[in-house]
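The next block holds one structure in the form of structure tokens; read it before the comments.
Computed from a prediction, not measured in an experiment: that's the story for all the values here. Lettering follows sequence order; numbering is per chain, from 1.
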Amino acid sequence: MGSTKIKYNRSLVWFRRDLRVDDNLAIKRAIESSSQIYFLFVFDRQILDRLSDKSDRRVHFIWHSVRELKELIKKQGGFLNVEYGFATEIVGLIAKKFSVNAVFYGEDYDPFSVRRDKIVRDKLEKLAIDVVSVKDHVLKEKSEVMTAKGLPYTVFTPYKNAWLKKPPCIPRRITLDEHRQKLYDPRVNSDMPSLKDMGFSEDPSCLDGYFPGESGAKKTILNFKDTISSYNLNRNYPALNQTSRISVHLRFGTISVRTLYRLAIKIKSPGSEAWLNELIWRDFYFNIVYHFPHVTKNAFKKQYDNLIFPNCSVLFKAWCQGRTGFPIVDAGMRQLNETGYMHNRLRMITASFLVKDLHVDWRWGERYFAEKLIDYDLSANNGGWQWAASTGCDSQPYFRIFNPVLQSKRFDKDGVYIKKFVPELKHVASKYIHAPWLMSSEDQGYSDCKIGYDYPSPVVNHDEARRKALSMYKSAKI
DNA sequence: TGAAATGTTGGGGCG
DNA sequence: ACGCCCCAACATTTC
């Protein structure tokens with residue numbers, strides 16, 4: 001048994017992107033070193049005020065998850081204080097108001113969070129309150145995986161090999177129940193702000209298909225368990241729905257990444273190895289942003305900062321709306337717009353298309369995904385976009401350009417996924433579903449889909465666009 | 001976790 | 001029987 005000394009009389013656990021009680025290391029560390037604990041969550045206006053969509057799915061997801069969290073804590077006799085305002089001010093105020101000796105939270109690595117946490121930390125230090133930042137969100141952080149020379153890895157495969165040499169540290173779980181006596185309920189006004197209070201519209205339909213909270217994460221994992229052994233084979237086919245769908249839970253911490261790791265190594269199979277690989281990719285991109293913060297603004301490979309993108313706003317808009325005339329691209333974008341989620345294969349295809357066919361700056365696409373994806377995470381999103389744009393570390397070389405028609409044929413042979421999100425192509429035969437502009441006017445009549453009227457004509461010619469991308473990249477390299 | 005251009009091979013049609 | 005051409009099918013290289 002860990003017999004860590006009690007160091008603090010009262011501690012505050014500040015939840016951020018770890019909205020769970022199960023296997024939460026900030027809670028565990030706080031309990032081990034304190035006699036009394038309570039909890040805080042802040043709806044941070046610094047983030048919320050910038051959201052233009054007042055029925056933002058993420059805010060809804062968080063709100064419902066926080067509500068469940070509050071209930072779980074209350075059941076054990078504890079108290080989750082939920083505030084609305086600026087975290088940089090509130091955390092200090094609450095810590096002072098409740099006379100805590102320490103604040104515990106899970107480490108966050110993206111530049112916005114690092115800046116915020118620095119401000120909070122400085123304020124707390126002035127109040128003589130300790131700050132304990134705990135590794136919780138990733139399996140391996142910061143400088144845990146380094147080359148023999150002590151440098152950060154910039155290529156995935158050697159990073160992965162080094163990562164796998166030593167299993168990650170998985171501390172024993174504790175439950176709140178076994179530490180009930182440490183939970184503290186100040187019996188203050190215990191309501192939490194409603195979505196309306198914070199200026200958001202209450203729109204339950206925006207969470208259709210999502211299950212927030214720890215309970216939702218458990219349900220999601222339960223569904224995935226049966227398909228994990230064939231994950232390597234099936235994950236690339238968007239019509240099959242055989243991905244884990246756990247990303248949003250990982251994003252907001254309604255499940256612990258260590259729980260997922262345990263699942264990945266429980267039964268060895270090609271599927272579970274591919275799944276573990278994805279968890280390692282996630283660590284990898286966190287590491288990249290941590291060690292090379294310039295990637296959030298610029299290309300990882302400096303020579304590609306010279307790229308000159310024409311950034312045609314008409315083409316960009318067509319892409320955003322899913323009206324490029326390329327069915328597979330449009331299906332992906334419409335899935336994103338309608339559901340807040342996009343299958344990973346489609347993230348690659350649509351990203352490649354925006355950059356290499358429409359010649360729009362990858363940052364524009366990165367920002368659009370950031371607005372729309374419910375599972376948006378800076379490091380993974382940035383890593384993915386730089387990979388597709390060939391500007392990233394270990395990205396695909398610039399001359400590897402996806403052909404949207406071939407990708408479509410390969411990964412959505414019968415157009416099942418396409419037809420789900422592009423209903424105007426519903427009656428188009430499989431033969432034409434990947435490139436409907438090739439239909440004769442007679443076939444367009446049969447399939448009730450007149451190109452340029454019911455469904456857009458292709459906004460670019462892939463072959464020409466590809467050649468132009470090659471010359472753009474070639475001249476940037478110099 | 002590409003795709004296109006180019007090169008090579010071999011079978012079949014044909015004079 | 002033979003050379004020639006065509007063109008899949010596959011392999012290699014190039015971007």
For DNA chain B, which residues of residues 457-469 of chain A approach it to below 4.0 angstrom with any heavy atom?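 Per residue number, the list reads A/Arg466, A/Arg467.
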
Which of residues 405-418 of chain A have a heavy atom under 4.0 Å from DNA chain B? A/Leu406, A/Gln407, A/Arg410

Does A/Cys393 reach the side chain of A/Phe292, with side-chain heavy atoms less than 4.5 Å apart?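 Counting from C-beta outward, A/Cys393 and A/Phe292 never come under 4.5 Å.
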
Show me the side-chain donor-acceptor pairs of residues 146-155 of chain A shorter than 3.5 Å, one per line, residues at least two apart or across chains.
residue, atom, partner, partner atom, Å
A/Thr147, OG1, A/Lys149, N, 3.3
A/Thr147, OG1, A/Gly150, N, 3.4
A/Thr147, OG1, A/Leu151, N, 3.0
A/Thr147, OG1, A/Leu151, O, 3.2

Write out all pairs satisfying side chain to side chain donor-acceptor pair (under 3.5 Å) with one or both partners inside residues 466-476 of chain A, taking only residues at least two apart or from two chains. A/Asp463-A/Arg467

So, [X] versus [Y], ring centres under 6.0 angstrom or not?
{"X": "A/Phe43", "Y": "A/Phe41", "answer": "yes"}
{"X": "A/Trp281", "Y": "A/Tyr159", "answer": "no"}
{"X": "A/Tyr368", "Y": "A/Trp319", "answer": "yes"}

Answer yes or no on whether A/Arg29 is positioned over the face of A/Phe104, meaning its NZ or CZ is under 6.0 Å from the six-membered ring centre and within 45° of the axis. no

Give a yes/no verdict on a cation-pi contact between A/Arg50 and A/Phe112, requiring under 6.0 Å between NZ or CZ and the six-membered ring centre and an angle within 45° of the axis.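 Because its charged atom sits under 6.0 Å from the ring centre and within 45° of the axis, A/Arg50 does stack over A/Phe112.
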
How long is the line joining CZ of A/Arg400 and C1' of C/dT13, in whole Å? 13 Å

Under the salt bridge (charged side-chain N to carboxylate O under 4.0 Å, His left out) rule, collect the residues that match up with A/Arg258, sequence neighbours excluded. A/Asp23, A/Asp136

Boundaries of the chain A footprint along DNA chain B (any atom under 4.0 Å from a heavy atom):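 So the contact region on DNA chain B extends B/dT1 to B/dA5.
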
Donor-acceptor contact present, side-chain A/Ser352 to main-chain A/Ile349, <3.5 Å: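 Not at all, since once roles are kept as given, no pair shorter than 3.5 Å links the two residues.
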
